[in-house]
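Inspection log for the structure reproduced underneath, given as structure tokens.
These figures come from a predicted structure and were not determined experimentally. Hydrogens, waters and symmetry mates play no part in the numbers below; they use all other heavy atoms, side chains included. Every number for a ligand or one of its atoms is a count from 1 in the order of the listing.
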Amino acid sequence: MPDLLQIGGITGDMRARLAERFTIHQMGDDYPADAITHIVTNGHDGVPAAVLEACQNAKVAASYGVGYDAIDTNACVARGMLVTHTPDVLNQEVATTAIMLMLTSFRNFLSDEAHARSGAWERDGNAPLSRSADGRRVGILGLGRIGQAIADKLKAFDADIHYHTRSPKDVPYTYHADLVDMARAVEVIICITPGGAATRHLINREVMEALGPDGTLINVSRGSVVDEAALVTALQDGKLGYAALDVFEQEPKIPDALKSMSNVVLLPHVGSGTHETRAAMGNLVVDNLLSHLDTGRVVTPVPECAHLNPS
Ligand code: NAP
Ligand code: 8YV
């Protein structure tokens, strides 16, 4: 059987399907680098340069996740190696996470829940009022597969939807060619672009200050999209009102300053983290690898190497 290098963890179901067709080697153990033809990895671990260098016969790296900023696709393309990811199967889950972050932030559910659970309701009386999440002006940074799903779900909350991308889309929402302009026009920004150098710190001090003291920043994209140090300062200085975050610059580290703020909601990168969606992602990873074994083609190549996929 061909040799597969496993980087990071995989689910039991993925392992069972892969073990029927591959000899699986775990990175960290001794593995026969020259024999490796396929790699399975994830959006956090990517494919380290040393692995690319060592596994000269690897033809496919299949990543568990849609974001692949941890993989040097240029280096993979230069070697003729296909990279696959898991688009679409997680759109609804990640969109739901974004909506839940918005609702939790606006409606103060975390402190309300603590108020109920701690006995403060009986002891001190009613919890403070919160902000309505209905009828808000919401700016989506990145209106791709997941961004569109977020927009669809926001309609249930009667949102006035704005967006910023590099080029306008054929959608009935208000386009802003300039991100600062969008920040001035909306009450909430939801970030859902890819990570990587091109989007690094798109949300900077100027954008946060344009969003303003009553504004809410939601990030379900990558931690790198937001200048985290500037975010802490903006929240501390009252230049930005609220933040609700699933992703961070140095995961799994979260700045202590954010942990201590009551106007911040924090999640440990669980945007797609349900049994159902992770199973669908795992199946697509395995489908890509098995399809390559059987046909030479993969199912969902990242755009940068789509031209390497035989027609
Ligand atoms: P997608 O379909 O490729 O959409 C990306 C969107 O971002 C497009 O609308 C694109 O439009 C826009 N964009 C790209 N670069 C930009 C830039 N420099 N400035 C402004 N807009 C830019 O991707 P997707 O499937 O929706 O996934 C988006 C990202 O979500 C993933 O890459 C991943 O990082 C993140 N994600 C996070 C979780 C989580 O657990 N929190 C789960 C899944 C995905 P233009 O090309 O027109 O600019
Ligand atoms: C995953 C994600 O948690 O798909 C993505 O881009 O960020 C998440 O769905 C992660 O990629 C798992 O490796």
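- Residue Gly271 approaches ligand 1 through these ligand atoms, each under 4.0 Å from one of its heavy atoms: 39 (C), 40 (O).
- With hydrogens left out, the protein atom closest to atom 4 (O) of ligand 1 is Gly144 CA, 3.2 Å, a heavy atom.
- Atom 21 (N) of ligand 1 has as its closest protein heavy atom Thr165 CA, 3.6 Å.
- Of the protein's non-hydrogen atoms, the one nearest atom 12 (C) of ligand 1 is Gly142 CA, 3.8 Å.
- Counting only non-hydrogen atoms, the option in Gln148, Arg200, Arg166 that gets closest to atom 16 (C) of ligand 1 is Arg166.
- Shortest contact from atom 22 (C) of ligand 1 to any protein heavy atom: Thr193 CG2, 3.8 Å.
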Query - Asp214/Arg131 under salt bridge (charged side-chain N to carboxylate O under 4.0 Å, His left out): CA gap, chis, key distance, verdict - result: CA-CA 10 Å; Asp214 296 321; Arg131 303 176 292 154; over 6 Å; no
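- Only side-chain heavy atoms of Val94 come within less than 4.0 Å of ligand 1; its backbone N, CA, C and O stay farther off.
- Inclusion of Asp246 in the set of residues having an N or O under 3.5 Å from an N or O of ligand 1 is warranted.
- Of the protein's non-hydrogen atoms, the one nearest atom 3 (O) of ligand 2 is Arg278 NH2, 3.2 Å.
- The backbone and the side chain of Arg145 each have at least one atom closer than 4.0 Å to an atom of ligand 1 (non-hydrogen atoms only).
- Every atom of ligand 2 with a heavy atom of His269 under 4.0 Å away is listed here by number and element: 2 (C), 3 (O), 7 (O), 8 (C).
- Set against the non-hydrogen atoms of Ser272, the atoms of ligand 1 under 4.0 Å away are 40 (O).
- More than 12 heavy atoms of other residues, nucleotides or ligands shown are found within 6.0 angstrom of NE2 on His307.
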Query raised in the report: Where do Arg107 and Asp134 land on the salt bridge (charged side-chain N to carboxylate O under 4.0 Å, His left out) test, with the steps shown first?
Result: CA-CA 10 Å; Arg107 294 299 312 275; Asp134 289 288; over 6 Å; no
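- Not a single donor-acceptor pair under 3.5 Å links the side chain of Asn108 to the backbone N or O of Ser111.
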Requested in this report: Evaluate the salt bridge (charged side-chain N to carboxylate O under 4.0 Å, His left out) criterion for residues Asp152 and Lys155: first the C-alpha distance (whole Å), next the side-chain angles of each, then the deciding distance (0.1 Å), finally the verdict.
Outcome: CA-CA 6 Å; Asp152 288 343; Lys155 288 179 200 153; 3.2 Å; yes
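- Here's the thing with Val247: none of its N/O atoms is less than 3.5 angstrom from an N/O atom of ligand 1.
- At least one heavy atom of Ala198 sits closer than 4.0 Å to an atom of ligand 1.
- In terms of protein heavy atoms, atom 5 (C) of ligand 1 is closest to Pro194 CD, 3.6 Å.
- Nearest non-hydrogen protein atom to atom 35 (C) of ligand 1 is Ser221 O, 3.6 Å.
- Proximity to Met281 (heavy-atom distance under 4.0 Å) selects the following atoms of ligand 2: 9 (O).
- Atom CZ of Arg123 is surrounded by more than 12 heavy atoms from other residues, nucleotides or ligands within 6.0 Å.
- Using a 3.5 Å distance cut-off with no hydrogens or angles, the side chains of Arg205 and Thr233 do not pair a donor with an acceptor.
- Within the 4.0 Å heavy-atom criterion, both parts of Ile192, backbone and side chain, lie near ligand 1.
- Looking at Thr199 next to ligand 1, no N or O pair under 3.5 Å apart turns up.
- Side-chain polar atoms of Asp3 and His25 form a donor-acceptor pair below 3.5 angstrom.
- Within ligand 2, counting atoms from 1 as listed, the ones closer than 4.0 Å to a heavy atom of Arg222 are 2 (C), 5 (C), 6 (O), 7 (O).
- To the nearest 0.5 Å, atom CZ of residue Arg136 and atom CG of residue Asp160 are 12.0 Å apart.
- Summary of contacts: the protein heavy atom closest to atom 38 (C) of ligand 1 is Val220 O, 3.6 Å.
- Here the side chains of Arg145 and Val66 are in contact, with some heavy-atom distance below 4.5 Å.
- Ligand 1 has a nitrogen or oxygen under 3.5 angstrom from a nitrogen or oxygen of Leu143.
- At a 4.0 Å heavy-atom cut-off, ligand 1 touches Ile146 through backbone and side chain alike.
- Note that the CG atom of Leu284 and the NE2 atom of His85 stand 8.5 Å from one another [nearest 0.5 Å].
- For Leu90, no nitrogen or oxygen atom sits less than 3.5 Å from a nitrogen or oxygen atom of ligand 2, counting backbone and side chain alike.
- Judged purely by atom type and a 3.5 angstrom limit, Tyr175 uses its side chain to pair as donor or acceptor with the backbone of Thr165.
- Hydrophobic clustering of Ile, Leu, Val, Met, Phe, Trp and Tyr side chains at less than 4.5 Å, counting indirect connections, keeps Val247 apart from Ile192.
- Thr274 and Glu93 share a side-chain donor-acceptor pair at under 3.5 Å.
- Those atoms of ligand 2 with a heavy atom of Gly43 less than 4.0 angstrom away are 11 (O), 13 (O).
- Of all the atoms in ligand 2, the ones that sit under 4.0 Å from a non-hydrogen atom of Gly65 are 4 (O), 5 (C), 11 (O).
- Closest to atom 47 (O) of ligand 1 among all protein heavy atoms lies Lys169 NZ, 2.4 Å.
- Below 4.0 Å from some heavy atom of Ser272 lie the following atoms of ligand 2, by number and element: 1 (C), 3 (O), 8 (C), 9 (O).
- Numbered from 1 in the order shown, with element, the atoms of ligand 2 that lie under 4.0 Å from a heavy atom of Gly67 read 4 (O), 5 (C), 6 (O).
- Ligand-side atoms of ligand 1 in range of Leu202: 19 (N), range being under 4.0 angstrom from any heavy atom.
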Requested in this report: Given side chain to side chain donor-acceptor pair (under 3.5 Å), test Thr11 with Asp13 step by step and report yes or no.
Outcome: CA-CA 5 Å; Thr11 65; Asp13 287 348; 5.5 Å; no
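- The aromatic ring centroids of His38 and Phe22 lie less than 6.0 Å from each other.
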